[in-house]
Amino acid sequence: MKGVRNKLSLVFISGILPLFFILALITPLWLYFSGESFFISSMLKFADMQAESQPVTAVPPFHQLLLLVLLYFPVGLFAFAIWQGMHVMRLVGKRQILNLALARCVRNIALMMLSLGIVLPVCRFLIPLVVWWPEKYYQVSVLIGDVILLLTGGLLFVTFHAMLAGIKADEETREFI
């Protein structure tokens, strides 16, 4: 019964990860093409800014493209982490637990989590600068989620090093036998 439940959860997660990957890549374009006011207000909400605190005049098209690129940077990191998660699920499904390919995927996910913990506050700082470029309005907001991303990424990076030590010990044991 436990084996069936494990296989069912692997199939479920393996089916959900590609959906998240596709949504992560499509959502910024959907926001961009949904209209200028909705896109700007969504970006300001992402930056934890109130649109009422500063008047939003017409944002030039070049600045809108900069906002789209700025949004795709953390989204790209997240999509890459999901892509690596799909590789992990594939390797776990094949029962290849202690190998270098799985360890590299875990390392890449850890690095993406650490990068997201740093990039998200930077994006929240740059978005108001792009929208209100001539103004001198600066705000840096570090949320608890950013700190949790850093801590979880660090923990996953330590897990990666533990996996490497386990792989080396497994190889030494095989050589000894």
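Being a predicted model, the structure only gives us computed values, none of them experimental.
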For a quick test of reading the model, state the closest non-hydrogen atom pair linking Leu71 to Pro28 and the distance between them. CD2-CB, 3.6 Å
State, yes or no, whether a side-chain contact exists between Leu151 and Val147 at a heavy-atom distance under 4.5 Å. yes
From Leu164 CG over to Arg104 CZ, what is the distance, rounded to the nearest 0.5 angstrom? 9.0 Å
Matching residue for Leu77 among Val119, Ile82, Leu120 - test: side-chain contact (heavy atoms from CB on, under 4.5 Å): Val119
ILVMFWY cluster, Phe33 and Leu67 together (side-chain gap under 4.5 Å): yes
Do Leu111 and Val122 land in one hydrophobic cluster if side-chain heavy atoms of ILVMFWY residues count as linked below 4.5 Å? yes
I'd like to know if Leu70 and Trp30 are part of one continuous hydrophobic network [Ile/Leu/Val/Met/Phe/Trp/Tyr, side-chain heavy atoms within less than 4.5 Å]. yes
From His161 NE2 over to Leu156 CG, what is the distance, rounded to the nearest 0.5 angstrom? 11.0 Å
Just how far is it from atom CZ of Arg107 to atom CE of Met112, taken to the nearest 0.5 Å? 9.5 Å
So how far is it from Leu155 CG to Met113 CE, rounded to the nearest 0.5 Å? 8.5 Å
At their closest point, which heavy atom of Pro74 faces which heavy atom of Leu116, and how far apart are they? O-CD2, 3.5 Å
Are Leu29 and Leu65 grouped together when hydrophobic residues (ILVMFWY) are joined by side-chain heavy atoms under 4.5 angstrom apart? yes
Smallest separation among heavy atoms of Cys105 and His87, with atom names: SG-CB, 3.6 Å
Is the ring pair Phe157/Phe160 parallel, tilted or perpendicular, if the boundaries are 30 and 60 degrees? tilted
Heavy-atom pair with the smallest gap, counting every atom of Leu100 and Ile167: N-CD1, 3.9 Å
What's the shortest heavy-atom distance between Ala81 and Ile109, and which atoms? O-CG1, 3.8 Å
I'd like to know whether Tyr72 forms a side chain to side chain contact (heavy atoms under 4.5 Å, CB included) with Val69, so could you lay out the CA-CA distance, the side-chain angles of the two residues, the decisive distance to 0.1 Å, and finally the verdict. CA-CA 5 Å; Tyr72 259 113; Val69 168; 5.7 Å; no
Taking atom CD1 of Ile144 as the centre, does the number of heavy atoms from other residues, nucleotides or ligands within less than 6.0 Å exceed 12? no
Taken to the nearest 0.5 Å, the spacing of Lys168 NZ from Thr173 OG1 works out to 14.0 Å
Taking all atoms of both residues into account, what is the closest heavy-atom pair of Leu114 and Gly154, and its distance? CD2-N, 3.7 Å
So does Phe21 have more than 12 non-hydrogen atoms from other groups sitting under 6.0 Å from CZ? yes
